[in-house]
Amino acid sequence: MICRLCPRQCGARRTETAGEGFCALPALPVAARAMLHQWEEPCISGSRGSGAVFFSGCVLRCVFCQNAAISRDGLGKPIDVPRLRDIFEELIGQGAHNINLVSPTPFAHAIREALAEPLPVPVVWNTGGYERVETLRSLEGRVQVWLPDLKYADNALAARYSGAGDYFETAADAILEMYRQSGDYVLEDGLLKRGVVIRHLLLPGALDNARAVMDWVADTFRPGQVLFSLMAQYTPQPGAEGLLGRRVTGAEYRAALAYLENLGIADGYCQDAASAMAEYTPLFDLRGI
């Protein structure tokens, strides 16, 4: 295949076993773990866990990535589409409330095939937000819950930290497409059955960026349309320098919470500051794959 799945549209040649271009991934999926994940938002993890499949590779290059072993370093096991479908069904058999596709974009074509027959639980598209609208449209009817990051409103920061100088307008267009497909969020017994949850990870020294992200959400959506999740889990990674070498301060987080409240964004979640721990990163040992 000649790949144009993500906004980079690098036109890389991807065979079943080898890849070129930005992500250098093969056409067949590569995954590093499948598990019942307890550390998502309550409406996704529920009581039994979210059926998470962690894919290898990424369309961003976030210098603070907690999953660098799989996003950049190539850890993962190649699988085919029938095996991917089997993994979904195995997780459902274990009691998963949903199937949670983590960093799925490079394998959107294979995932679409694996989801040709509907599953009995919602499918969650868990993404860094840097998505091509045309790829999202190809998934219409197969994904019920969209879980995008909105990492940046500041494109200079996006270029510096994630290698994506067009991040904001790209992610904003993607989120609007996600909302077009899902409509207003629907909760049943505390679990999200359909809708969009916009995540923002507060970064050290980037309070103005967080405020601009929240401004866009408040200006774009009315109460009852989407959920917003303010995250405090930033953890410095080995070799982190400058502002990224420290955690978010209590004052920064309190200021972000106050701004969120003043905007009137009440539908969603605010992460406990105690979540800034490396232990919340799953062990990528290929189990379940």
Side-chain angles (χ1 to χ4, degrees), residues 1-16 18-31 53-62 71 80-81 84-85 88 98-119 122-153 155 158-159 162-185 194-199 213 216-217 220-221 225-226:
M1 64 179 286
I2 301 300
C3 186
R4 302 191 186 278
L5 289 171
C6 87
R8 299 184 188 277
Q9 297 189 62
C10 62
R13 182 173 179 269
R14 298 171 62 188
T15 70
E16 289 189 353
E20 302 171 349
F22 182 84
C23 69
L25 291 164
L28 287 179
V30 181
V53 182
F54 291 86
F55 292 95
S56 302
C58 188
V59 299
L60 293 171
R61 286 293 180 267
C62 301
S71 66
D80 58 18
V81 171
L84 182 59
R85 177 72 185 203
F88 297 163
N98 46 61
I99 293 301
N100 182 355
L101 308 170
V102 185
S103 297
T105 309
F107 305 112
H109 59 295
I111 291 168
R112 182 173 61 244
E113 185 179 346
L115 294 173
E117 292 296 324
L119 293 172
V123 173
V124 181
W125 194 262
N126 186 339
T127 167
Y130 194 62
E131 299 279 354
R132 190 176 178 215
V133 167
E134 289 79 2
T135 299
L136 299 178
R137 286 177 181 156
S138 75
L139 297 162
E140 188 157 7
R142 289 172 165 84
V143 174
Q144 290 74 46
V145 174
W146 303 93
L147 187 58
D149 293 335
L150 187 53
K151 296 178 185 290
Y152 311 102
N155 274 340
S162 296
D166 60 344
Y167 179 90
F168 175 65
E169 56 269 28
T170 302
D173 286 347
I175 290 170
L176 291 172
E177 171 61 21
M178 293 171 185
Y179 177 72
R180 184 196 69 79
Q181 291 190 31
S182 71
D184 298 350
Y185 72 85
R194 187 180 72 240
V196 180
V197 183
I198 302 170
R199 285 174 161 173
V213 164
W216 182 82
V217 173
T220 305
F221 298 104
Q225 291 188 321
V226 301

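No hydrogens, no waters, no symmetry mates; every other heavy atom, side chains included, goes into these values.
In this structure, the side chain of R112 does not engage the main chain of R142 through any donor-acceptor pair within 3.5 Å. No donor-acceptor pair under 3.5 Å is formed between the side chain of R132 and the backbone N or O of C6. Using a distance-only test at 3.5 Å, with no hydrogens or angles considered, a donor-acceptor pair links the side chain of Q181 to the main chain of L136. Counting only distance, with no hydrogens or angles, the side chain of T220 and the backbone of V217 share no donor-acceptor pair below 3.5 Å.
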* Audit row: N100, F54, side chain to side chain contact (heavy atoms under 4.5 Å, CB included) steps and yes/no -> CA-CA 8 Å; N100 182 355; F54 291 86; over 6 Å; no
* To do: Please assess Q225 against Y179 for the test side chain to side chain donor-acceptor pair (under 3.5 Å), listing each intermediate value before the final yes or no.
  => CA-CA 8 Å; Q225 291 188 321; Y179 177 72; 3.2 Å; yes
* **Step-by-step side chain to side chain contact (heavy atoms under 4.5 Å, CB included) determination, V197 to Y185** => CA-CA 8 Å; V197 183; Y185 72 85; over 6 Å; no
* To do: Could you please spell out the steps behind the side chain to side chain donor-acceptor pair (under 3.5 Å) verdict for Y130 and D149?
  => CA-CA 8 Å; Y130 194 62; D149 293 335; over 6 Å; no
* Are F221 and I175 close enough, and set up right, to give a side chain to side chain contact (heavy atoms under 4.5 Å, CB included), and what steps lead you there? -> CA-CA 11 Å; F221 298 104; I175 290 170; 3.9 Å; yes
* Apply salt bridge (charged side-chain N to carboxylate O under 4.0 Å, His left out) to E134 and R4, showing your working. => CA-CA 10 Å; E134 289 79 2; R4 302 191 186 278; over 6 Å; no
* **Verdict with supporting geometry, E177 and R137, salt bridge (charged side-chain N to carboxylate O under 4.0 Å, His left out)** => CA-CA 8 Å; E177 171 61 21; R137 286 177 181 156; 3.6 Å; yes
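Residues M1 and R13 fail the side-chain proximity criterion, which asks for heavy atoms closer than 4.5 Å. Looking at V196 and P148, their side chains come closer than 4.5 Å, going by heavy atoms from C-beta outward. V30 has its side chain within reach of F107: a pair of non-hydrogen atoms, C-beta onward, lies under 4.5 Å apart. V145 has its side chain out of reach of N98: every pair of non-hydrogen atoms, C-beta onward, lies at least 4.5 Å apart. For the pair P26/E16, no side-chain contact is recorded, criterion being any heavy-atom separation below 4.5 Å from C-beta on. N126 places none of its side-chain heavy atoms less than 4.5 Å from the side chain of L101. Counting heavy atoms from C-beta on, the side chains of C3 and R14 come closer than 4.5 Å. Here the side chains of H109 and L139 are not in contact, with every heavy-atom distance at 4.5 Å or above.
Nearest approach of L60 to G128, heavy atoms of both residues: CD1-O, 4.1 Å. Nearest heavy atom pair, residue F55 against residue P104, reads CD1-CA, 3.9 Å. Taking both residues in full, the closest heavy atoms of A158 and A164 are given as CB-O, 3.2 Å, listed atom of the first, atom of the second, then distance. The minimum heavy-atom distance between T135 and A108, with the atom names listed, is CG2-CB, 3.7 Å. Taking both residues in full, the closest heavy atoms of C62 and K151 are given as SG-CE, 3.9 Å, listed atom of the first, atom of the second, then distance. Looking at every heavy atom in both residues, L28 comes nearest to D80 through CD2-CA, 4.4 Å.
Comment: E113 does not engage R85 in a salt bridge, judged by the lack of any side-chain N to carboxylate O separation of less than 4.0 angstrom.
For the atom pair CD1 (I198) and CE (M178), the distance works out to 9.0 Å, reported to the nearest 0.5 Å. Annotation: the span from C58 atom SG to F22 atom CZ amounts to 7.5 Å, rounded to 0.5 Å. With rounding to the nearest 0.5 Å, the separation of CD1 in I99 from CD in Q144 is 11.0 Å. If you take CG on L115 and CG on L84, they are separated by 7.5 Å, rounding to the nearest 0.5 Å. Going from atom CZ of F88 over to atom CD of E117 covers 13.5 Å, rounded to the nearest 0.5 Å.
A donor atom on one side chain and an acceptor atom on the other are not found under 3.5 Å apart for S162 and R61. Checking E131 against T127 by side-chain atom types alone, a donor-acceptor pair falls below 3.5 Å.
Aromatic ring centroids of F168 and Y152 lie 6.0 Å or more apart.
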